[in-house]
Structures are given as C-alpha cells and as structure tokens.
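To start, the structure itself, in structure tokens.
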Amino acid sequence: MQTSLVLALATGCSEEIPPVRWTGASLVYHAEPSDTVCGGSFSLQDAYVRQLSDLLQVELDQPIAFSLLGSGALEGFCDSDTAIGCEVESDVYSTRRVHFHELAHAVAKRGGVHGTEAFREGFAEALSNGLEPGQPRIPIEPVLRDFAYMDEDYYTAGLFLRFIVERHGLENIGEFLRRTSRDDSFDVVGRDFLEVLGEPLTTAMADFDQYPSCPAWSNRLAIVECGLAPSPWQGTSWKAESAVNCSDEDVLGPLVDGKSLVWTTRSLVVDTPGEFIARTEGTVEGDATVRLTRCASCWDALDLTVLPGREKQVALPAGRYYVTFIKELDKAGILKFHLDTAGSTP
C-alpha cells in the first residue's frame with residue numbers, strides 16, 4: 001500500500017518545525033542548518049508554487065511553508081508512519097528536499113480546489129516530480145469510485161488526470177475540482193463533470209482506455225522545466241553544459257535514494273522536425289547522465305537518456321523540450337550536452 005503520498009491530517013502533537021532557512025515570494029523553506037539543500041530546491045519550488053497558482057488562478061495571501069524533516073519527526077505531522085510527505089492546512093512537511101506532489105496539494109487547497117480522493121491525488125501526481133517508479137495500470141472505474149491508496153491507484157489516477165487536462169485544459173479541470181469534494185458520490189462527481197467540462201464522465205473514462213501508459217516522468221505537467229526560457233541554437237547545433245553545483249540557484253536536490261543525486265534543467269525548442277545526434281561529454285566522478293525530454297504527455301512522450309561518452313540518433317518532432325543534467329552530490333566534473341542535426345558537422 002502506498003501511504004507515502006497520502007494527503008494526511010495533523011495528529012495534534014507538539015513537534016517543532018525547523019527554523020526558516022529561505023524565504024521567497026511564494027514559499028518559506030524550513031530546514032535545519034546542517035541539512036544539505038541545493039539552491040534550486042528553494043528558488044525553483046518557489047517558482048513552481050507561483051506558476052501553479054497562476055495557472056489555477058489562485059491568489060496566495062501568504063507563502064506556503066515547506067518543512068524538511070527526518071522520518072521520525074515527520075510522524076508527528078503526517079497521519080502515517082510510512083509517509084515521505086504530507087500537506088496539512090496548506091503547509092507541506094516532507095523528508096524530500098523537493099516535493100512537487102505535496103506542493104500541488106497545498107496550492108490547490110489555498111484555491112478551494114478539492115475533488116474526491118482519486119481526483120485530488122491524480123491531480124497532484126500529474127503535477128509531481130515524476131520520480132516515482134513505474135506501477136501497473138489498473139481499470140479507471142474502481143479507482144474513481146473507491147480510491148484504495150495503492151501504488152497502482154496513484155499511477156492510474158495521475159494518468160487519467162493528465163488525460164482530461166489534455167482534453168479540457170488545466171484551468172477547466174481546476175474549476176471542476178472546485179465544484180467537488182472528498183465525500184462526493186460517483187454520481188455527484190459525474191454530474192459536475194458534465195456541467196463544467198461538457199461531456200459525460202463515463203465517456204471520458206471509456207476514451208481513457210486509448211491513452212497510452214508511460215512513466216510518470218513523461219506523463220507529468222512539467223510546468224517549471226517547460227516554462228524556462230529556451231536556450232538558443234547555434235546554426236544546426238544546440239549546446240549546454242553544467243557542473244551541477246548544489247549551491248547554484250538552478251540545481252535541485254539532493255534526492256537521497258541510495259545515492260545523493262542533484263540535477264538542473266535547460267530548455268530548448270525544435271522548430272523543424274528531423275533526425276538529430278544527441279551526445280553527452282564530460283569526465284564526471286560517480287554516476288552521471290543527461291536526459292532529453294519532450295514537453296508532452298503519454299500521447300507523444302519522448303524521453304532519451306545519454307550517458308557521458310555516448311551518443312544516440314533520435315527523431316525529434318517540432319516542439320519544446322528540456323534537458324536534465326544529473327550527477328551525484330559533491331562529485332567533480334562538468335556535463336556537456338550537444339544536439340546536432342544528423343549529417344551536419346558538430
């Protein structure tokens with residue numbers, strides 16, 4: 001059972017949150033001075049909250065508080081002893097330095113964007129970091145009727161929410177979720193779905209069978225990464241590099257899951273579709289890679305990983321993409337990524 005991402009309730013204990021480490025326009029970040037937190041975990045999560053608030057037309061009367069906690073302390077705030085994060089009264093408590101899923105819950109609650117458990121969790125999953133491992137997809141009807149807090153329920157709900165966002169737009173989905181609440185019956189939800197979005201929920205569910213399954217990384221709405229100003233091409237080549245230094249304002253992490261990984265992102269636009277050579281260079285200690293991802297959904301996902309010293313040929317449709325540079329915390333080296341039109345001279 002996946003309880004790590006459950007929207008939890010406060011337990012009423014007297015646990016203390018860490019001191020304020022960073023303050024932005026939309027986010028106040030609490031962490032102990034000894035905790036390693038990369039610069040982008042502050043500034044880019046602040047940007048995430050601001051951008052999602054704008055998309056949902058939510059006015060924040062005060063910044064959202066994000067508290068980085070150890071697993072033991074987290075139990076004092078989240079209604080689950082296996083949680084990695086929760087949202088309580090529009091504040092976020094997490095063992096992760098970066099946690100878009102819980103921030104999505106916090107922004108939604110500030111704007112009166114509710115929904116049943118399936119729609120609430122599917123909404124947050126579709127706007128998450130996309131870092132959860134792939135899960136089995138299950139039929140959508142039992143997920144919507146009786147959300148079971150299993151990994152496959154989260155995954156399937158996230159796919160469905162992204163599917164209906166593609167179909168109706170995020171703003172309209174937000175309006176639909178404002179009309180519904182946690183305890184609404186399936187019939188009540190169906191009525192509001194029809195009134196707001198103009199089609200029967202059962203029709204959307206039937207059409208969802210045609211929506212492809214893809215990893216959460218490709219299904220998610222990457223509003224920060226895909227909202228970056230694109231870096232320019234130099235003729236038929238696009239190049240970017242990064243030392244992925246944790247102290248930099250554009251570096252997120254570290255994500256501790258066996259290894260402490262840090263990452264940063266650059267954006268680009270492909271104007272003309274074609275064949276391209278993607279190449280990663282650089283001598284980097286430890287594990288490192290560069291990942292090219294299309295700003296898309298499961299309908300037209302593209303996710304290419306290129307290790308240092310390797311190259312791959314790939315067909316790229318026109319559109320917006322983002323490149324993620326990933327390496328281990330405190331490992332030396334610079335990652336360089338090149339994208340060249342096939343047949344051109346690098």
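Small disclaimer: the values here were computed from a predicted structure and weren't measured.
- Side-chain contact annotation: Glu117 with Tyr149, donor-acceptor N/O pair under 3.5 Å present.
- Chaining together hydrophobic side chains whose heavy atoms lie under 4.5 Å apart places Val20 alongside Val28.
- No more than 12 heavy atoms of other residues, nucleotides or ligands shown are found within 6.0 angstrom of CD on Glu59.
- Because its NZ or CZ atom is not both nearer than 6.0 Å to the ring centre of Phe123 and within 45° of the ring axis, Arg178 does not count as a cation-pi partner of that residue.
- In this structure, a donor-acceptor pair under 3.5 Å is absent between the side chains of Arg162 and Ser297.
- Between the side chains of Asp184 and Ser181, at least one donor N or O lies within less than 3.5 Å of an accepting N or O.
- Separating the CG atom in Leu159 from the CG atom in Asn219 is a distance of 4.5 Å, to the nearest 0.5 Å.
- The disulfide bond (SG atoms under 2.5 Å apart) contacts involving residues 182-218 comprise Cys214-Cys298, where partners must be two or more places apart or lie in separate chains.
- Cation-pi contact between Arg291 and Trp263: absent, since separation from the ring centre below 6.0 Å together with deviation from the ring axis within 45° is not met.
- Each of Leu255, Val251, Leu261, Thr36 was scored for a side chain to side chain contact (heavy atoms under 4.5 Å, CB included) with Leu329, with one residue passing: Thr36.
- Taking CG of Leu44 as the reference point, atom CZ of Phe100 lies at 7.0 Å (rounded to 0.5 Å).
- The closest side-chain donor-acceptor pair between Glu311 and His338, if any, does not fall under 3.5 angstrom.
- The shortest side-chain heavy-atom distance between Leu103 and Leu27 falls under the 4.5 Å cut-off.
- Residue Ser94 is tested with His99, His101, Glu102, Glu87 for a side-chain hydrogen bond (donor to acceptor under 3.5 Å, both in side chains); the sole match is His99.
- A ring pair (Phe, Tyr, Trp, His ring centres under 6.0 Å) with Phe147 is found for one member of Phe186, Phe160, Phe119, Tyr154 and no other, namely Tyr154.
- Just one of Arg220, Arg320, Arg266 meets the side-chain hydrogen bond (donor to acceptor under 3.5 Å, both in side chains) condition when paired with Glu225; it is Arg220.
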Subject >> Worked check of side chain to side chain donor-acceptor pair (under 3.5 Å) between Arg137 and Ser213 >> reply: CA-CA 7 Å; Arg137 176 173 173 167; Ser213 298; 3.1 Å; yes
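- Side-chain contact check for Ile140 versus Val143: some heavy-atom pair is nearer than 4.5 Å.
- Under the 4.0 Å criterion applied to side-chain N and carboxylate O atoms, Asp187 and Arg191 are not assigned as salt-bridge partners.
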